[in-house]
Participant: 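Take a look at the following structure, please.
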2 protein chains.
Amino acid sequence: MLTIGKLGAAAGVKVPTIRYYEQIGLLPDAERSTGNQRLYSRAVQDRLAFIRHARELGFPLDAIRDLLGLSDRPDQSCAEVDAIARTQLIAVEGRITRLQALKGELARMVDHCAGGTISDCRVIEVLGNHAHCAADHGRHMPCVSE
Amino acid sequence: MLTIGKLGAAAGVKVPTIRYYEQIGLLPDAERSTGNQRLYSRAVQDRLAFIRHARELGFPLDAIRDLLGLSDRPDQSCAEVDAIARTQLIAVEGRITRLQALKGELARMVDHCAGGTISDCRVIEVLGNHAHCAADHGRHMPCVSE
DNA sequence: CCTAATGTCTCTAGGAACTAGAGGTTCAAG
DNA sequence: CTTGAACCTCTAGTTCCTAGAGACATTAGG
């Protein structure tokens, strides 16, 4: 059994964040030592690692709660998880595309910067170009940039 | 010239968010009509679209402020700009790396989920397992954050 | 065994980036 | 000229943490 500090170090999550996750029900109420300190099993460590990764990758806590809820009821069909994962996959691909455009522009600036000025900075155009958008906000809000 | 509502619709940003961006200095104080309503040029629309995209990609407002600064001061010497661009370039590369890791994991989840039940999916393991991380944050090191 | 350092406890408050609401004003269509 | 949508300011709430205060618990060294 791990103390909260060890757990946090192992999962890369700060101690107050762990207590916060418990408070909002994302982690179960921890067992306590005789001195009232929280103790955690390996299973909780996995759960926390999952939450941490999912957060890092942009899932809101509500979505994470859903995913965890699904894996807490292991006899259900995968359809729902599959749908969530597919949706997220498409969004992630769009993000990567746009980040690569931005990366290209930043790299260009760093290259061209040798001794000159930035009069030709085009970062705004690079990310302003909706052609690189994933489908997500293109559908609801038409891209009116021209 | 656009009203705030039109601008918001064009850029996919809610009206109160635009006023908030003005308040914190991310957008310039808008010109006003005779009736005191905000009016926006095409340049502001591009700037707002940029902010929106950058936010979507997970940049904090401070980083966006830096990025916008690159194009706001086109006559400035390269040293400062170069530093900002390099810093942001590293952040972008880190983001891309982690997103590619996520993409792989989501693809894994979709594969494993095909037609099965959740007990086969092992959702927590897939995202919780550090062995599949491209961005290495081993058990004892906190994940690299930007 | 005692003590000092470190870790943990609860609780409250703050911060980032919005978001929603109240109560009032302005604009544009009929 | 009226009416309803869109706008104004201001305050307060939301999400997801993060930091601090003051007190109790655990552990390594002497």
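Computed from a predicted structure; not experimentally measured. Every chain is numbered from 1, with letters handed out A, B, ... down the list of sequences. What you see below is based on every heavy atom in this structure, not just the backbone, and it leaves out hydrogens, waters and symmetry mates.
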Participant: Between A:Met1 and A:Glu31, is any pair of side-chain heavy atoms under 4.5 Å apart?
Facilitator: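 Yes, at least one pair of side-chain atoms sits under 4.5 Å.
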Participant: Do any side-chain nitrogens or oxygens of A:Arg55 fall under 4.0 Å of OP1 or OP2 in D:dC17?
Facilitator: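 Indeed, a polar side-chain atom of A:Arg55 lies that close.
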Participant: Anything under 3.5 Å between a donor and an acceptor, one on a side chain of residues 17-29 of chain B, the other on a protein residue two or more places apart or in another chain? List them.
Facilitator:
from    : atom 1 : to      : atom 2 : distance (Å)
B:Glu22 : OE1    : B:Ala30 : N      : 3.4
B:Glu22 : OE1    : B:Arg38 : NE     : 3.0

Participant: Side-chain N or O of A:Thr3 less than 4.0 angstrom from OP1 or OP2 on D:dT26?
Facilitator: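 So the side chain of A:Thr3 is outside the cut-off, no N or O lying under 4.0 Å from OP1 or OP2 of D:dT26.
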Participant: Which residues in residues 21-33 of chain A have a heavy atom closer than 4.0 Å to any atom of DNA chain C?
Facilitator: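 Only A:Arg32 qualify.
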Participant: Please figure out whether B:Gly35 or B:Ile51 has its closest DNA chain C nucleotide nearer the 5' end.
Facilitator: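 Checking each residue's closest nucleotide, the 5'-ward one belongs to B:Ile51.
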Participant: Looking only at side-chain N and O atoms, does B:Thr17 come under 4.0 Å of OP1 or OP2 in C:dT19?
Facilitator: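 So the side chain of B:Thr17 is within the cut-off, an N or O lying under 4.0 Å from OP1 or OP2 of C:dT19.
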Participant: Short question: side chain of A:Arg52, backbone of A:Gly12 - any donor-acceptor pair under 3.5 Å?
Facilitator: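 Yes; judged by distance alone, with no hydrogens or angles, the pair exists.
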Participant: Using a 4.0 Å heavy-atom cut-off across all strands, classify B:Arg19 as base, sugar-phosphate, or nothing.
Facilitator: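 Touches a base.
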Participant: When rounded to the nearest 0.5 angstrom, what is the spacing between CZ in B:Arg55 and CG in B:Leu48?
Facilitator: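 Reported to 0.5 Å precision, the distance equals 12.5 Å.
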Participant: Using the closest heavy atom to pick a nucleotide of DNA chain D for each, name whichever of A:Leu61 or A:Asn36 lands nearer the 5' end.
Facilitator: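 The 5'-side residue here is A:Leu61.
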Participant: For residues B:Gln100 and A:Ile96, determine if any side-chain heavy atom of one lies less than 4.5 Å from a side-chain heavy atom of the other.
Facilitator: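 SC-SC contact between B:Gln100 and A:Ile96 confirmed.
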Participant: Looking only at side-chain N and O atoms, does B:Arg38 come under 4.0 Å of OP1 or OP2 in D:dC7?
Facilitator: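 Indeed not, no polar side-chain atom of B:Arg38 lies that close.
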Participant: Counting heavy atoms from C-beta on, name the nucleotide in D:dT26, D:dC16, C:dC27 closest to the side chain of A:Thr34.
Facilitator: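 Out of D:dT26, D:dC16, C:dC27, the nucleotide with an atom closest to A:Thr34's side chain is D:dT26.
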Participant: Roughly how far apart are A:Leu7 CG and A:Tyr40 OH, rounded to 0.5 Å?
Facilitator: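 Rounded to the nearest 0.5 Å, the CG-OH separation comes to 6.5 Å.
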Participant: Starting at atom CG of A:Asp62, determine the distance to atom C1' of D:dT14, rounded to an integer number of angstrom.
Facilitator: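 My rounded result for the distance is 11 Å.
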